[in-house]
Structures are given as C-alpha cells and as structure tokens.
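Report on one structure; see the data block that follows.
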Amino acid sequence: MYGQNDITNLRNIIRSSKRAVFFGGAGVSTESGIPDFRSEDGLYRQQYRFPPETMLSAEFFWSHTEEFYGFYRDKMLVTDVSPNAAHYKLAQWEREGHIAAVVTQNIDGLHQKAGSKNVFELHGSIYRNFCTKCGMAYPAQRIQKGKGVPRCACGGIVKPDVVLYGETLDDKTVSGAVEAIRRADNLIIGGTSLNVYPAAALIDYFRGENVVVINRGAPAKDMRGVFFIDGKIGEIFSLI
Ligand code: NAD
C-alpha cells in the first residue's frame with residue numbers, strides 16, 4: 001500500500017518535470033475494463049485451446065488465421081471503452097509541459113482518446129489494419145463487424161497493425177521512443193510487468209534523475225534505486 005508521502009513525492013517529481021517520459025503497459029488500461037495478461041484475472045489465467053502467446057504469434061496468424069481472429073475479436077479488439085484517470089492525467093501533464101512523451105506497449109489507443117499527442121505505440125494499434133497483399137487500410141470497425149477472416153477487395157488477408165510474437169518492432173517508433181527516453185528528466189513507469197522484450201529494455205536508455213514505478217506488485221526487473229509505489233495507477237494519478 002502507499003501513503004500520503006508517496007503521493008506528495010510523486011506530485012513534486014511531476015511538477016518539477018519538463019520532459020518526463022511515461023512508459024506503460026496493459027495495467028494502465030485495466031481500470032478501463034481491459035484485462036491485462038499477467039494479473040490474477042488476466043488473459044494468461046483464462047483457459048483456451050492454445051495459450052495466448054501462441055494465439056498472438058505471427059506463426060499462428062498465418063497457420064490458423066480464423067482461430068486467430070476468433071481470439072482477437074473476442075479479447076483484443078476492444079473499442080467500446082473509455083480512458084481512465086491515468087490516461088487523462090498523462091494527457092493533462094503533456095499539455096502543461098511536464099510530460100514529453102508516452103511510450104506504451106498497449107494497442108488500445110486509449111492514450112490518444114484521452115488527448116495525449118506524442119505517443120509511441122511499440123506494439124502497434126488495433127485501429128490500423130492493412131491488406132497483406134495490396135496494403136489497403138481498413139478501420140477497426142470493419143474487422144469488428146465482419147465474421148471469419150477479413151478479406152480485402154483484392155482478395156488478400158487483412159492484418160491488424162499489431163506486433164505479434166515473432167515479429168520485429170517498427171524501427172521509427174523504437175528510435176522515437178529511445179530518443180524521448182534518452183532526453184527525459186524523469187521516467188515514470190506504470191502498469192507493466194516488464195516481461196516483454198525488447199520493449200522492456202528501452203527503459204535502460206534513461207539517464208535522467210528519478211525513476212518512479214507505479215504498479216500492482218513489483219515488475220520483473222531490478223527495483224534498486226527506484227521509487228516504487230504499489231497500487232492502482234488510475235487511483236494514484238487521480239490523487240495528484
Ligand atoms: P502484463 O499483463 O504483463 O503486466 C501488467 C502489469 O500491470 C502487472 O504487473 C499487473 O500487476 C499490473 N497492473 C494491473 N492493473 C494495474 C493497475 N490498475 N495499476 C497498476 N498496475 C496494474 O502487461 P505488459 O507488461 O503490458 O506486457 C504484456 C503485453 O500485453 C504487452 O505487449 C501489451 O501489448 C499486451 N496487452 C495490451 C493490452 C492493451 O492494449 N490494453 C491488454 C493486454 C495485453
């Protein structure tokens with residue numbers, strides 16, 4: 001649990017920041033109702049015919065496309081949710097000149113919905129979908145409404161622009177995120193188990209003053225020298 005001192009310290013760090021970076025993951029969106037992977041009620045604890053890591057792999061996409069889309073539509077393609085206090089506060093701090101960028105592993109687009117402008121989506125977005133043959137773009141609603149494997153007018157399979165296991169991250173997105181982290185005066189990490197690489201390695205580029213971690217339970221990285229607040233990020237940010 002956290003106390004008033006933690007909130008005061010966090011408030012002071014944010015107020016003193018001029019180009020902080022927020023690095024986050026699925027835990028940022030659980031308070032909006034989207035399950036993460038590794039919490040008690042996360043997707044990894046639910047029972048499927050294949051483990052989620054398998055179903056979210058590029059190999060599975062190409063070999064079991066219909067089954068991929070069953071899982072993807074059911075669990076990943078969530079569009080009828082609203083940002084929570086964590087997303088809104090980050091957008092506000094960007095407008096106020098405290099936060100320079102949000103680097104997220106999420107694919108749900110909630111930071112942009114809340115008003116954040118400089119967002120690096122390391123794992124892509126459910127809102128972008130492209131034909132694998134001709135490159136034609138399709139909105140998320142097109143994938144949501146259809147049944148089975150979504151096909152382009154040209155006959156090609158439409159694929160969401162999300163990074164599946166076995167695929168590489170987009171170079172431009174990674175270099176933008178690394179540059180923002182390198183230049184950051186403070187680094188705020190939240191709602192991530194820091195288990196997924198190479199995303200989790202990007203925080204090692206930080207050379208600034210304070211590293212703050214706000215998470216339910218300690219992430220899978222060395223927490224020495226880090227100001228760690230154990231709790232729900234939306235609840236904590238709404239107190240700032
Ligand atoms: P993860 O599931 O591995 O870890 C989430 C972490 O957040 C856990 O440590 C959990 O205890 C913590 N957490 C949960 N709710 C929280 C809250 N309200 N406040 C603070 N902490 C909270 O997620 P990850 O580290 O992001 O890595 C898994 C992968 O999951 C990422 O690659 C991401 O692309 C993908 N994913 C994204 C979404 C999404 O877009 N919303 C949802 C599920 C998974």
Side-chain angles (χ1 to χ4, degrees), residues 1-2 6-7 10 22-46 48 51-58 71-90 102-114 116 119-128 140 160-170 173-174 177 188-203 212-221 223 226-240:
M1 258 316 273
Y2 55 90
D6 295 317
I7 302 299
L10 178 59
F22 177 79
F23 180 95
V28 175
S29 296
T30 54
E31 287 163 84
S32 292
I34 305 180
D36 63 7
F37 278 175
R38 293 178 180 80
S39 290
E40 261 167 39
D41 44 2
L43 293 179
Y44 281 11
R45 307 283 173 100
Q46 301 176 16
Y48 300 100
E53 307 93 299
T54 304
M55 286 191 283
L56 291 173
S57 67
F71 179 75
Y72 180 78
R73 283 199 182 94
D74 208 24
K75 297 292 174 189
M76 309 303 291
L77 189 51
V78 186
T79 56
D80 56 345
V81 288
S82 303
N84 63 58
H87 302 101
Y88 284 122
K89 282 287 179 175
L90 287 164
V102 168
V103 178
T104 183
Q105 300 165 86
N106 294 347
I107 57 175
D108 55 32
L110 287 179
H111 287 293
Q112 291 92 332
K113 259 195 197 172
S116 283
V119 182
F120 295 97
E121 294 176 309
L122 294 175
H123 294 156
S125 170
I126 57 170
Y127 288 100
R128 294 185 298 268
D161 186 21
V162 300
V163 179
L164 301 174
Y165 288 105
E167 291 179 331
T168 52
L169 308 195
D170 176 64
T173 310
V174 172
I188 303 161
I189 299 170
T192 173
S193 64
L194 295 176
N195 263 304
V196 177
Y197 282 81
L202 299 194
I203 60 175
V212 186
V213 173
I214 303 132
N215 207 65
R216 281 172 61 192
K221 262 202 153 187
M223 290 283 107
V226 165
F227 168 29
F228 173 47
I229 308 180
D230 193 343
K232 289 163 89 172
I233 190 163
E235 181 185 296
I236 290 166
F237 276 10
S238 66
L239 298 172
I240 304 287

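Indexing begins at 1, ligand by ligand and atom by atom, following the structure's order. All figures in this text were calculated on a predicted structure; none of them were measured in a lab.
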Could you tell me which atoms of ligand 1, counted from 1 in the order shown, lie closer than 4.0 angstrom to a heavy atom of Asp108? 39 (C), 40 (O), 41 (N)
Can you list the steps and then say if Phe237 with Ile188 is a side-chain contact (heavy atoms from CB on, under 4.5 Å)? CA-CA 11 Å; Phe237 276 10; Ile188 303 161; 4.2 Å; yes
Below 4.0 Å, non-hydrogen atoms only: which portion of Ile107 touches ligand 1? Side chain, backbone, both or neither. both
Would you say Pro35 and ligand 1 have an N/O pair spaced under 3.5 Å apart? no
For atom 23 (O) of ligand 1, grab the closest protein heavy atom and report residue, atom and distance to one decimal in Å. Ala26 CB, 3.5 Å
For the side chain of His123 and the backbone of Gln105, is there at least one donor-acceptor N/O pair under 3.5 Å apart? yes
Go through the steps for Leu56 and Phe71 under the test side-chain contact (heavy atoms from CB on, under 4.5 Å), then give the verdict. CA-CA 9 Å; Leu56 291 173; Phe71 179 75; 3.8 Å; yes
Straight-line distance of Ile189 CD1 to Lys221 NZ, nearest 0.5 Å: 7.5 Å
Please determine if Tyr165 has a nitrogen or oxygen closer than 3.5 Å to a nitrogen or oxygen of ligand 1. no
Among all protein heavy atoms, pick out the one at the shortest distance from atom 21 (N) of ligand 1; state its residue, atom name and that distance to 0.1 Å. Arg216 N, 3.0 Å
The option among Asn106, Thr104, Leu56, Ile34 carrying the non-hydrogen atom nearest to atom 37 (C) of ligand 1 is Asn106
Spell out, as yes or no, whether a donor-acceptor pair under 3.5 Å connects the side chain of Asn215 to the backbone of Gly190. no
Is the shortest N/O to N/O distance between Ile233 and ligand 1 below 3.5 Å? yes
Are more than 12 heavy atoms, taken from residues, nucleotides or ligands other than Lys89, located less than 6.0 Å from that residue's NZ atom? yes
So which bit of Val196 gets within less than 4.0 Å of ligand 1, heavy atoms only: side chain, backbone, both or neither? side chain
Within the side chain of Ser125, is there an N or O that forms a donor-acceptor pair under 3.5 Å with the backbone of Tyr127? yes
Starting from atom 35 (C) of ligand 1, locate the nearest protein heavy atom and write down its residue, its atom name and how far away it is, to 0.1 Å. Phe37 CE1, 3.8 Å
Would you check if the side chain of Asn84 reaches a backbone N or O of Val28 as a donor-acceptor pair within less than 3.5 Å? yes
With distance as the sole test, does Glu31 use its side chain to make a donor-acceptor pair with the main-chain N or O of Glu235 at under 3.5 Å? yes
Considering only the protein, which heavy-atom contact is closest to atom 3 (O) of ligand 1, and what is its distance? Arg38 NH1, 2.4 Å
Is Asn106 reaching over with its side chain to a backbone N or O of Asp108, donor-acceptor style, under 3.5 angstrom? no
Among all protein heavy atoms, pick out the one at the shortest distance from atom 4 (O) of ligand 1; state its residue, atom name and that distance to 0.1 Å. Ser193 N, 3.3 Å
Below a 4.0 angstrom heavy-atom separation, can you tell me which part of Ser29, side chain or backbone, both or neither, approaches ligand 1? side chain
Regarding atom 17 (C) of ligand 1: of the candidates Gly25, Gly27, Pro219, which has the closest heavy atom? Gly27
What one should report as the nearest heavy-atom pair of Thr30 and Pro35 is CG2-C, 4.4 Å
Nearest protein heavy atom to atom 9 (O) of ligand 1, by residue and atom, and its distance? Asn215 ND2, 2.9 Å
Pick out which of Thr192, Val226, Leu194, Ile203 makes a side chain to side chain contact (heavy atoms under 4.5 Å, CB included) with Pro219. Leu194
Nearest non-hydrogen protein atom, atom 14 (C) of ligand 1: Asp36 OD2, 3.3 Å
Option whose closest heavy atom lies nearest to atom 32 (O) of ligand 1, chosen from Lys232, His123, Lys75: His123
Close N or O approach (Thr192, ligand 1; < 3.5 Å): yes
Between Asp230 (side chain) and Gly217 (backbone), is there a donor-acceptor pair under 3.5 Å? yes
Please report which non-hydrogen protein atom sits nearest to atom 7 (O) of ligand 1, along with the residue it belongs to and the distance in Å to one decimal place. Gly191 C, 3.3 Å
Counting heavy atoms only, which part of Thr30 comes closer than 4.0 Å to ligand 1: side chain, backbone, both or neither? side chain
Looking only at distance, does Glu31 have an N or O less than 3.5 Å from an N or O of ligand 1? yes
Please work out which of Ala218, Gly231, Gly190 has its closest non-hydrogen atom nearest to atom 20 (C) of ligand 1. Gly231
